[in-house]
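Here's the structure, in structure tokens; my notes come after.
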Amino acid sequence: MLPDRIPSGKDEQVMTSNTRVRFAPSPTGALHIGGAHTALFNWLWARHIGGSFILRIEDTDLARSTEEHERTILQGLSWLGLDWDEGPDVGGSHGPYRQSERREIYLRHAHDLVRSGQAYCEGEAVIFSVPKGRTVAFDDLVYGHIEMESDTLKDVVLIKSDGFPTYNYAVVVDDHLMEITCVVRGEDHISNTPKQLLLYQALGWETPLFAHLPMILGKDKKKLSKRHGATSVYEYRDMGYHPDALFNYFALLGWNPGDDREIFTREEAVRMFDLTRVTKKASVFDMDKLNFVNQAHIAMMPPLERARHTFPFWEEAGLDPGSRSEEWLAGVLDLLEGRGRTFRELAEYTDYFLSFEAVKKRWGGEDIDGERRGTLKGFFTAMLSFPSWSPEELEVMAKAWCDGKGLKMKDVAMPLRWALTGRKVSPGIFHVAAFLGRDEVKKRLSHYGLI
RNA sequence: GGUCCCAUCGUCUAGUGGCCUAGGACACAGCCCUUUCAAGGCUGCGGCACGGGUUCGAAUCCCGUUGGGACCGCCA
């Protein structure tokens, strides 16, 4: 009754086309990390094997479900780059895809169970009587063989007093009717699986395959919650993470391609993904690693795209990137050469290109005494009248000038850095100067009385 | 409490009995590069939870202990 073969290797080609997996969120909040991770693995498997990815909304909790949350979840999935073949918004041949719209169906099958003596009514509720003395077993694609005695289970409420189905019941009815072939969900559902299996048997339905995914925990190894920081994918977007990077990082939580590759594109992940390579141990969400992955993705994206992603963060910082061309903005970011782990940092690290005001707020021209000021004036004046304005030639010129005066490069580079950026760190300062242009550099140096 | 699951560096992991004096990545430390900070390169730190078996041989198989997690809701 339980298909005990798992699709792998050459068999994949045969079984593929009708593979159907689903992500079934409850619209009681934003799309959080755990949900996104589960959705991602379902999507990855569907796309890898050429099957269908179905989205189903489990809105049977009247008190907490809202349309607003449903919209947010759908948008969150889209932001992550996950698309679905059937769902509440796009429809499909196995709808409706909202449980609140399938009440007749749940009621019908519940009554069948009552009629056949496998369930009983208690007030308005319908309850499944768990058969005694049965060993319920299944072969999880990730966790292997799992079995449990039915005697350890309590009867299962099927229909609540409000007429809505419970999770454990609705999930069985829907997965069957929607012809889901493999249920991929969080490991917290392993304990629920036996009672669902009993329901499949009572209804006379074939069971799908199951693949449970390891949980994602916080740094303290406890279930991820607000205490651990951002938990919804939108918070990551707002902090300046690229969806491809979050995608890449999520894919690495509980799975790896089998070689040493850690940075990959969506397409590469689809090609390499395999449910049978999913690990069993719960993993800790590590911001350091996410930052690294995000930095890697920012580094490999096309300059113009990088600029487009940074745009809103410049605006948020009160700057006016719209006054510049996209090419110019992309050029600014090119100067960063790998600096910055998030788009937010990219914007922050380049604010002085868009506004001298930001520089003035950070540095008032202090720490330069009279004697040094005189020396610097000499250099900056020479620099501003130097025929070439290419960063390389400016650097050569500066080096020669310093050598002639017995000075170190940093003796002139650091004051220039402060005057141009208002910071003690920046990309190569002659590259900054070159990009800013001779006039702007002159304006800033003159403001600080350095020419 | 009952049931189920898990257990390799701080973190993510490779590893399916000999290729492992355990490999990679992040983080951390140091060095190189250098006008600063990154990036890049190199080096280092650091792990098979513990105890029994099985075996010529165990991170890998079995049992137990310990630790962690999940479920046991008319939440999902």
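Each chain gets a letter, A, B and so on, in the order its sequence line appears, and its residues count up from 1.
B:rC56 and B:rU13: their P atoms are spaced 36 Å apart (whole Å). Comparing B:rA25 with B:rG18, their C1' atoms sit 27 Å apart, to the nearest whole Å. Between B:rC9 and B:rG23, the two C1' atoms lie 12 Å apart (nearest whole Å). Across B:rG47 and B:rC20, the matching C1' atoms stand 13 Å from one another, rounded to whole Å. Nucleotides B:rC37 and B:rA22 place their P atoms 36 Å apart, quoted to the nearest Å. Going from the C1' atom of B:rA14 to that of B:rC19 covers 14 Å, rounded to whole Å. Nucleotides B:rC12 and B:rU65, compared at atom C1', are 28 Å apart to the nearest Å. If you take atom C1' in B:rU8 and the same atom in B:rC50, they sit 15 Å apart, rounded to whole Å.
The nearest whole Å value for the distance from the CG atom in A:Asp411 to the P atom in B:rU36 is 11 Å. Here the P atom of nucleotide B:rC37 and the CH2 atom of A:Trp418 are 13 Å apart, to the nearest Å. We find that CZ of A:Arg341 is positioned 8 Å from P of B:rA27, with the value rounded to whole Å. One can place OH of A:Tyr167 at 11 Å from P of B:rC72, the figure rounded to the nearest angstrom. A:Leu31 places its CG atom 19 Å from the P atom of B:rA76, with the value rounded to the nearest Å. Between the CH2 atom of A:Trp401 and the P atom of B:rU35 there is a distance of 16 Å, given to the nearest Å. Distance CG (A:Asp188) to C1' (B:rG68): 16 Å, rounded to an integer number of Å. Distance A:Lys281 NZ to B:rA70 C1': 17 Å, rounded to the nearest Å.
When heavy atoms are screened at a 4.0 angstrom cut-off, A:Asn192 is found touching base atoms of the nucleic acid. Nucleic acid contact class of A:Leu252 (heavy atoms, under 4.0 Å, all strands): sugar-phosphate only. Residue A:Ser283 is in sugar-phosphate contact alone, with no base atom involved, counting any heavy-atom pair closer than 4.0 Å across all strands shown. Residue A:Lys223 is classed as a sugar-phosphate contact, given heavy-atom separations below 4.0 Å to backbone atoms only. Within the 4.0 angstrom heavy-atom criterion, no nucleotide atom of any strand lies near A:Glu149. Within 4.0 Å (heavy atoms only), A:Pro25 reaches no atom of the nucleic acid at all. A:Lys399 comes within 4.0 angstrom of nothing in the nucleic acid, heavy atoms only. At the heavy-atom level, A:Asp162 lies nowhere under 4.0 Å from the strands shown. Residue A:Gly428 is in base contact, counting any heavy-atom pair closer than 4.0 Å across all strands shown. Residue contacts for A:Thr60: at a heavy-atom cut-off of 4.0 Å it reaches the sugar-phosphate backbone alone, with no base atom in range. Across all strands shown, A:Lys289 has heavy atoms under 4.0 Å from base atoms, whether or not it also approaches the sugar-phosphate. Residue contacts for A:Glu58: at a heavy-atom cut-off of 4.0 Å it reaches the sugar-phosphate backbone alone, with no base atom in range. At a threshold of 4.0 angstrom between heavy atoms, the contacts of A:Ala282 are confined to the sugar-phosphate backbone, with no base atom among them. If you check every strand for non-hydrogen atoms under 4.0 Å, A:Thr166 touches sugar and phosphate atoms only.
In the set B:rC26, B:rA70, B:rC12, the nucleotide with an atom closest to the side chain of A:Leu253 is B:rC12. Of the candidates B:rC75, B:rU11, B:rC6, the closest approach to any side-chain atom of A:Tyr143 belongs to B:rC6. Across B:rC26, B:rU35, B:rU3, the shortest atom-to-atom separation from the side chain of A:Asp286 is found for B:rC26. Of the candidates B:rU35, B:rC37, B:rA76, the closest approach to any side-chain atom of A:Met409 belongs to B:rU35. Here B:rC26 is the nucleotide among B:rA39, B:rC4, B:rC26 with the atom lying nearest to any side-chain atom of A:Asp288. Comparing B:rC74, B:rC37, B:rC75 by their closest approach to the side chain of A:Arg64 singles out B:rC75. Checked against B:rG23, B:rC4, B:rC74, the side chain of A:Ile190 finds its nearest nucleotide in B:rC4.
When Watson-Crick and G-U wobble pairs are counted only if both distances are under 3.5 Å, B:rU3 pairs with B:rA70. Base-pair partner of B:rA25: B:rU11 (Watson-Crick or G-U wobble, both distances under 3.5 Å). The partner of B:rC20 cannot be assigned: no Watson-Crick or G-U wobble pair with both contacts below 3.5 Å exists in any strand. In a base pair of the Watson-Crick type (N1 to N3 plus N6-O4 or O6-N4) or a G-U wobble (N1-O2 and O6-N3), with each distance short of 3.5 Å, B:rU55 is matched with no nucleotide. Base-pair partner of B:rA76: not found among the strands shown (Watson-Crick or G-U wobble, both distances under 3.5 Å).
OP1 or OP2 of B:rU13 has at least one side-chain nitrogen or oxygen of A:Thr279 nearer than 4.0 Å. Considering only side-chain N and O atoms, A:Asn256 lies under 4.0 angstrom from the phosphate OP1 or OP2 of B:rA14. Under 4.0 angstrom from either OP1 or OP2 of B:rC5 there lies no side-chain N or O belonging to A:Lys280. For B:rG67, the OP1/OP2 oxygens have no side-chain nitrogen or oxygen of A:Lys221 closer than 4.0 Å. Look at A:Arg277 and you'll find a side-chain N or O under 4.0 angstrom from OP1 or OP2 of B:rG15.
Side-chain atoms of A:His94 and A:Asp174 include no donor-acceptor pair closer than 3.5 Å.
Checking A:Phe292 against A:Phe430, the closest nucleotide of RNA chain B that is more toward the 5' end is the one next to A:Phe292. Residue whose closest nucleotide on RNA chain B sits further toward the 5' end, between A:Pro214 and A:His189: A:Pro214.
Between A:His309 and A:Phe343, the ring centre distance stays below 6.0 Å. Aromatic ring centroids of A:Tyr249 and A:Phe285 lie under 6.0 Å apart. Residues A:Tyr448 and A:Trp363 place their aromatic rings such that the two centres sit under 6.0 Å apart. Annotation: A:Tyr167 is in aromatic contact with A:His189 [ring centroid separation under 6.0 Å]. Ring to ring, A:Phe23 and A:Trp43 are not that close: their centroids are 6.0 angstrom or more apart.
Between A:Arg56 and A:Val171 the shortest side-chain heavy-atom distance falls below 4.5 Å. Counting only heavy atoms from C-beta outward, the side chains of A:Met178 and A:Arg22 never approach each other to under 4.5 Å. With contacts defined as side-chain heavy-atom distances shorter than 4.5 Å, the pair A:Met397/A:Phe430 does not qualify. Looking at heavy atoms from C-beta onward, A:Tyr169 lies out of side-chain contact with A:Thr60 at the 4.5 angstrom threshold.
Note that A:Arg339 lies outside the cation-pi zone of A:Tyr349, set by a 6.0 Å cut-off to the ring centre and a 45° limit from the axis.
In this structure, A:His212 and A:Phe210 have parallel ring planes: the angle between them is below the 30° cut-off, well short of the 60° mark.
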Each nucleotide N or O in nucleotides 43-47 of chain B that has a protein N or O under 3.5 Å away: list the pair and distance.
none

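In the interface, the side chain of A:Ser191 is not paired with the base of B:rC4 through any donor and acceptor atom under 3.5 Å apart.
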